[in-house]
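Accompanying notes for the structure given below.
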Amino acid sequence: MEQKIDTEVIRQLIEMVEKNDLEELDVRYGNYRVYLKRGSSTAPVAVKVSPEPAAFFPESVAEEEAPVPENFLTVKAPLAGIFYRAPAPGAPPFIEVGSSVEPGHTLCIIEAMKMMNEIVSEVSGEIAAILIENATAVAAEQVLIHIKPS
């Protein structure tokens, strides 16, 4: 039986693009890949859905990752969404470069389809780098943070 993509998911992704004033959003949903790109005022968001992503998605969507310094650990986005450094606008960020973290310490939040997903540290260490700006769209598996283990 062929899996179909839920139109409600598409609607929520379009809202995410418009609400956060994003130019592009590229997400995986089940066996599909959904690519949204802001268009003109008459066609605000173009949507492409494909079970075969190579046929639809330009190479420019994929970004090369910077090399990880030796012995640093990376924290990657487990899903596509909007990266937030703090629990609410105006609140202090969960971490800063130089912050000490322990397993279970909240590092950031990724909002996806109106759900807030806390990303927590799995190791003890010091935050060496935060690679993403607050309120920025991230792709699944994109590197967010470098941690120097202690």
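Each residue takes its place number in the sequence, starting with 1.
Across every non-hydrogen atom of K76 and E141, the tightest pair is CD-O, 3.5 Å. Of all heavy-atom pairs between P92 and A86, the closest is O-CB, 3.5 Å. Of all non-hydrogen atoms in F72 and A128, the two that sit nearest each other are CE2-CB, 3.1 Å. What you find for A139 and A77 is that their closest heavy atoms are O-CB, 3.4 Å.
A search for side chain to side chain donor-acceptor pair (under 3.5 Å) contacts involving E96 returns R85, not counting sequence neighbours.
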Please lay out, stage by stage, how I95 and V101 fare under the test side chain to side chain contact (heavy atoms under 4.5 Å, CB included). CA-CA 8 Å; I95 57 168; V101 294; 3.9 Å; yes
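In this structure, I145 CD1 and S99 OG are separated by 10.0 Å, a value rounded to the nearest 0.5 Å.
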What side-chain donor-acceptor pairs closer than 3.5 Å can you find for residues 115-125, not counting sequence neighbours?
residue: N117; atom: ND2; partner: I110; partner atom: O; Å: 3.0
residue: N117; atom: ND2; partner: M115; partner atom: O; Å: 3.3
residue: E118; atom: OE1; partner: T106; partner atom: OG1; Å: 3.2
residue: S121; atom: OG; partner: V123; partner atom: N; Å: 3.2
residue: S121; atom: OG; partner: V123; partner atom: O; Å: 2.6
residue: S124; atom: OG; partner: E102; partner atom: OE1; Å: 2.7

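Counting heavy atoms from C-beta on, the side chains of F83 and L144 come closer than 4.5 Å. Contact of the I82 side chain with the Y84 side chain is registered, since non-hydrogen atoms from C-beta on lie closer than 4.5 Å. You'll find the side chain of I127 reaches within 4.5 Å of the side chain of L107, heavy atoms only. Side-chain atoms of H146 and L131, non-hydrogen and from C-beta on, do get closer than 4.5 Å to each other.
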